[in-house]
2 protein chains.
Amino acid sequence: MKNAIDFYFDFSSPYAYFASMEIDELAKKHGLSVHWHPILLGAIFKKTGAKPLLQTPLKGDYAHHDLERIARKKRLPFTLPVNFPFAALAACRAFYWIRREDDNLAISFAKNIFKAGYQMRLDISDPKTVIDLSSALGLDSGRIEPALSSETIKEELRNEVSLAEQRGVFGSPFFIFEDEPFWGHDRMATLDEWLSHKGW
Amino acid sequence: MKNAIDFYFDFSSPYAYFASMEIDELAKKHGLSVHWHPILLGAIFKKTGAKPLLQTPLKGDYAHHDLERIARKKRLPFTLPVNFPFAALAACRAFYWIRREDDNLAISFAKNIFKAGYQMRLDISDPKTVIDLSSALGLDSGRIEPALSSETIKEELRNEVSLAEQRGVFGSPFFIFEDEPFWGHDRMATLDEWLSHKGW
């Protein structure tokens, strides 16, 4: 999309947590807006054969070390949520339901989910946590609970995942700017440079 | 090792090609030397479940695009060698044989293997190419050919791969500075920063 960065992520990705704390500032620097797209990578991982990162021999140890190193560098708190890894079904559905009400509120909700999980070690896989965080933003908990199992919202999430895959998204975080793809938190610097130079 | 960067790589890794063209300058900037360690990642990939990058759905398309983008950015020629992907057995063995003669000559040889494959599209999996590139550096082709099947050299390579795995190496390129690991060409900037700040 013109003048916007598409930000694809899975709430169960620790690298996406760091990206979520930084993407707004990066976009603002270039006068761009950000479209947030929480997705579930499980189905895409089946096609690419990718395995849960932190459970992979050797690579998992490295990732743990690397995540702590990023946290120190960025001076951000960091922990893994309880029940990690998890499928972020409830958080994704809540996001798309909130987005129908207000785009900015949905973004605030997404940031709070990341902070609750990766700063406070709350169980963000639990629908109860998801509902609490929604209510805390002023949303009606009596409306959000049924929304989490509404067919319309389920379909909206499925469509987002399917569109992500069509656009080549296979990991998290993943950024797309005018069809140019950037995969990984460590590629945010490349994205930044790309935006400064208008490509190369 | 003190005052040195350990540079682990597989000759069949295109990202290692880019790293091989840049690592000397990075090390020099920090007054460090580089220890080059060509390895075969096949056995380690079996443990981590990693698949050949460019053959992986979605991820492979991204990597092709990303490699071309890096080449443009770094103003380096880039192609894939013929017979890609391949096991770089002959090149690895030749490297360790040459290193017994002269460490700098072995590094020149490694760079020439990368250039022959990723700039000239030669078949660097072919022992003939490996022998030609060795001879071109003034080495005796009558000695290098038997060296490629010598038990001593085979064992030296096996030891290097085994030591790499013990040190947590699971991808290419992979850098270690005083036990601090950095995986990936895109982490050379992080390594650079780490060396500037003496960690964080």
Side-chain angles (χ1 to χ4, degrees), chain A residues 8 15 41 43-76 164-172 174-177 179-194 196-197 199-200, chain B residues 8 15 41 43-76 164-172 174-177 179-194 196-197 199-200:
Chain A
Y8 287 93
Y15 286 103
L41 277 169
I44 298 176
F45 273 19
K46 275 182 195 152
K47 295 190 187 175
T48 60
K51 292 177 182 177
L53 178 67
L54 295 172
Q55 278 67 48
T56 305
L58 296 164
K59 213 167 170 174
D61 289 342
Y62 175 82
H64 275 290
H65 181 88
D66 186 48
L67 289 162
E68 296 290 349
R69 182 167 63 188
I70 292 171
R72 292 199 307 276
K73 185 71 166 58
K74 304 288 181 185
R75 298 176 193 279
L76 281 169
E165 191 184 333
Q166 282 167 41
R167 297 188 76 190
V169 174
F170 57 85
S172 167
F174 202 104
F175 310 91
I176 301 179
F177 175 72
D179 290 335
E180 191 68 26
F182 300 86
W183 167 45
H185 174 254
D186 48 10
R187 287 302 176 85
M188 288 182 81
T190 311
L191 169 61
D192 188 18
E193 227 181 324
W194 182 272
S196 296
H197 295 283
W200 53 75
Chain B
Y8 287 92
Y15 286 103
L41 278 169
I44 299 176
F45 272 19
K46 274 182 197 151
K47 295 187 188 180
T48 61
K51 292 179 181 176
L53 179 67
L54 295 173
Q55 278 67 48
T56 305
L58 295 165
K59 212 168 172 175
D61 289 341
Y62 176 81
H64 275 291
H65 181 87
D66 187 48
L67 289 162
E68 296 288 349
R69 183 167 63 187
I70 292 172
R72 291 197 309 274
K73 186 72 166 58
K74 305 288 179 186
R75 296 176 195 276
L76 281 168
E165 191 184 332
Q166 282 166 43
R167 299 189 74 190
V169 174
F170 58 84
S172 167
F174 201 104
F175 309 91
I176 302 179
F177 175 72
D179 291 333
E180 190 68 25
F182 300 86
W183 167 46
H185 175 254
D186 47 10
R187 287 302 175 86
M188 289 182 82
T190 310
L191 170 62
D192 188 20
E193 229 182 323
W194 182 270
S196 297
H197 296 282
W200 53 76

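The CH2 atom of B:Trp200 sits 11.5 Å away from atom CZ of A:Arg75, with the distance rounded to the nearest 0.5 Å. The line from CZ of A:Phe182 to CG of B:Asp186 is 12.5 Å long, rounded to the nearest 0.5 Å. The CZ atom of B:Arg187 sits 4.0 Å away from the CG atom of A:Asp66 when rounded to the nearest 0.5 Å.
In terms of heavy-atom pairs under 4.5 angstrom with chain B, the leader among A:His197, A:Lys51, A:Glu180 is A:Glu180. Each of A:Arg72, A:Arg69, A:His65 has some count of heavy-atom pairs under 4.5 Å with chain B, and the biggest count is that of A:Arg69.
Shown here for A:Tyr62 and B:Trp183, the closest heavy-atom pair between the two residues is OH-N, 2.7 Å.
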Identify all side-chain donor-acceptor contacts of residues 53-60 of chain B below 3.5 Å with residues at least two apart in sequence or on another chain.
residue	atom	partner	partner atom	Å
B:Thr56	OG1	B:Pro52	O	3.0
B:Thr56	OG1	B:Leu53	O	3.4

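Using a 4.5 Å cut-off between heavy atoms, A:Glu193 touches chain B through its side chain atoms alone.
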